[in-house]
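Read the structure below first, then the notes.
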Protein chains: 2
Amino acid sequence: MVLPSWDAPPHTSGVRRLPPTAAGGGRRGVQAYPEGVSPDTVTESEKPLRADALRNRNKVLAAARTAFAQQGPDVAISEILKLAGVGSGTLFRHFPTKQDLLVAVLEQTFDQLDDQIVAALEDEDPWQGLVTLLTTTAEMQARDAAFLASVGPELFAVESLQQRNERMMVRMSGLLDRAKAAGVVRDDLAAEDLPFLISAIGGATQSCAPASVVGTSPDLWRRYLGFVLDGLRPQGAHPLPQPPPTLAQMKAMKAAKASMRCGAE
Amino acid sequence: MVLPSWDAPPHTSGVRRLPPTAAGGGRRGVQAYPEGVSPDTVTESEKPLRADALRNRNKVLAAARTAFAQQGPDVAISEILKLAGVGSGTLFRHFPTKQDLLVAVLEQTFDQLDDQIVAALEDEDPWQGLVTLLTTTAEMQARDAAFLASVGPELFAVESLQQRNERMMVRMSGLLDRAKAAGVVRDDLAAEDLPFLISAIGGATQSCAPASVVGTSPDLWRRYLGFVLDGLRPQGAHPLPQPPPTLAQMKAMKAAKASMRCGAE
DNA sequence: TGAAAAGCGGATTGGCTGATCCGGTTGCAG
DNA sequence: CTGCAACCGGATCAGCCAATCCGCTTTTCA
């Protein structure tokens, strides 16, 4: 799964069995699952779906979420299978394609983010609202490799993700307009820039990635977020939240990334 | 070739044939190849290497360079083979492993970058020197997918790349010190930050990637470089070199990336 | 409670790709 | 010119992995 070219699935010989669609298209069955734990109800059925089936569907979804988050969009299905404790037949019944599974997971992730943006809009301080947006995004990128890989304006061309993306863009525009009106950001900053800036922060975050290598701060990415934020406001440099890493730490990070493997279980 | 875990090559059954090492370890046989075109001499032999062998080796190297640049580290070997017009036996004789080939290509790329840094150090203006460094890096990331993937502090653990990386770090430190002495950058910026900032710019660059989608500027990344640069200097915002993209353009970029395929030939 | 429908899971398939093998060819020293 | 070692290239191998198939089990509903 190389991530570009989601179009012609490899060796699809016959027709595709249609999945038993448990949760309808529109979000908000149960909003934004708290983290890692599987909600035992995805409810809002379209075809009732037997009890054990629903249970398994959720097991798969939860397993996929952690697996994708830890290893990125390229985890082997077998990994997810092991984690979920179901057979491959079961998985592919609910999600006919690996991409379908990834999308289902990303939908949840995007919904979580959307909730955070809404929260940011409720903040009194317009600058703080923007900071919250970018911080949240970076946090999510730091802990979810699949999200990291699908963020920014590239996103793949899937209706449901498209929609969510647009909704978020609208909200982000609101956030930015407010900040501009208050004069706390440079006014040549456009809403369209935000996805790219998020990608930029993601780039730095990715380099810091392995959540916590011994000597290093798992929050190093905040430092680079700081630099970028300072680039967004008119007045220039502000204090940074993290000290830079030492060369030794950088070496350790690189080594950790080279050997990176499993982690869960 | 998933990029992490360069350690246990898949299914290596027997012992490995040692390659006929044409160019010695130390760089500077012929410095920094101008672009795409194969230099017909990599010279400085260690075992003379027959004439046709050397010719083929260079063909492979050149093909690999373009293939890796266009499609990233995951191009199929077959692609490179087609481009080079040689058989797989030939390729694997010179580069026993796909990684070996990639490393050979990256060595050249890194050497090119190193030359640019040296040039930046020769610039009178210390701020401009830093700008040149970051701009060059971004340019290279924009046009070379393999470089983009291997940049930042993660780099894989290969002696020869390690070395080059360290040499560049030293030079970059010099560049930064000079700029700090002149007071043109904030002084909480450390040399160790540079690789992360480069990764950040790379993140944005990647989002802009498909060199030129119709309506969009192929230089959009400069805009985000601009934001980051403004975050590095004490005085704050400066004019940006590019207008933001429109929503329609962003859509086009995404679409282009989704269908991205081949391109050469 | 019983039977049919729905679901389960793992053995299996098919295809992709990195790497190897080996019969034939070619450059080079003497 | 000649012999041979080095080299060529493509047929082939082997492992990996997404996706399918099908005999058996579980749920559901009358």
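Order of the sequence lines fixes the chain letters, A, B, ..., with proteins taken first and strands second; residue numbering starts at 1 for each chain.
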Identify the pairs formed between an N or O of the protein and an N or O of nucleotides 27-30 of chain D at a distance under 3.5 Å, and give each distance.
unit_1	atom_1	unit_2	atom_2	d
D:dT28	OP1	A:Ala51	N	3.2

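- Counting to the nearest Å, the P atom of D:dA19 and the CG atom of A:Leu81 are 12 Å from each other.
- With sequence neighbours excluded, the residues satisfying side-chain contact (heavy atoms from CB on, under 4.5 Å) with A:Ala64 are A:Phe68, A:Ile80, A:Leu101, A:Val105.
- Relative orientation of the B:Tyr224 and A:Phe196 rings is parallel, given thresholds of 30° and 60° on the angle between their planes.
- Between B:His94 and D:dC8 there is a side-chain N or O to OP1 or OP2 distance below 4.0 Å.
- Here the P atom of nucleotide D:dA14 and the NZ atom of B:Lys98 are 21 Å apart, to the nearest Å.
- Following rounding to the nearest Å, B:Ile77 (CD1) and D:dC16 (P) show an atom-to-atom distance of 18 Å.
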Enumerate the protein-to-nucleotides 9-12 of chain D contacts in which both atoms are nitrogen or oxygen and the separation is below 3.5 Å.
unit_1	atom_1	unit_2	atom_2	d
D:dG9	OP2	B:Thr90	OG1	2.9
D:dG10	N7	B:Ser88	OG	3.4
D:dG10	O6	B:Gly89	N	3.1
D:dA11	N6	B:Ser88	OG	3.1

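- In this structure a side-chain-to-backbone donor-acceptor pair under 3.5 Å is present from A:Thr205 to A:Ile201.
- In this structure, A:Leu91 atom CG and D:dC17 atom P are separated by 15 Å, rounded to whole Å.
- Rounded to an integer number of Å, the gap from CG of A:Asp100 to P of D:dA18 is 14 Å.
- Side-chain atoms of B:Gln112 and B:Gln108 include no donor-acceptor pair closer than 3.5 Å.
- Put simply, the side chain of B:Gln162 does not reach to within 4.5 Å of the side chain of B:Val158, judged on heavy atoms.
- Between A:Glu79 atom CD and D:dC17 atom P there is a gap of 9 Å when expressed in whole angstrom units.
- Taking A:Ala104 as the reference, A:Leu61, A:Phe95 meet the side-chain contact (heavy atoms from CB on, under 4.5 Å) condition, with sequence neighbours excluded.
- Between the CZ atom of A:Phe95 and the C1' atom of C:dG7 there is a distance of 15 Å, rounded to whole Å.
- In this view, B:Thr136 and B:Leu113, B:Gln116, B:Thr132, B:Met140 satisfy the side-chain contact (heavy atoms from CB on, under 4.5 Å) rule, not counting sequence neighbours.
- Considering only residues two or more places apart in sequence or on other chains, A:Ser78 meets the side-chain contact (heavy atoms from CB on, under 4.5 Å) condition with A:Ala76.
- A donor-acceptor pair shorter than 3.5 Å can be found between the side chains of B:Ser160 and B:Glu107.
- Rounding to whole angstrom units, CZ of residue B:Phe92 and C1' of D:dC13 are separated by 13 Å.
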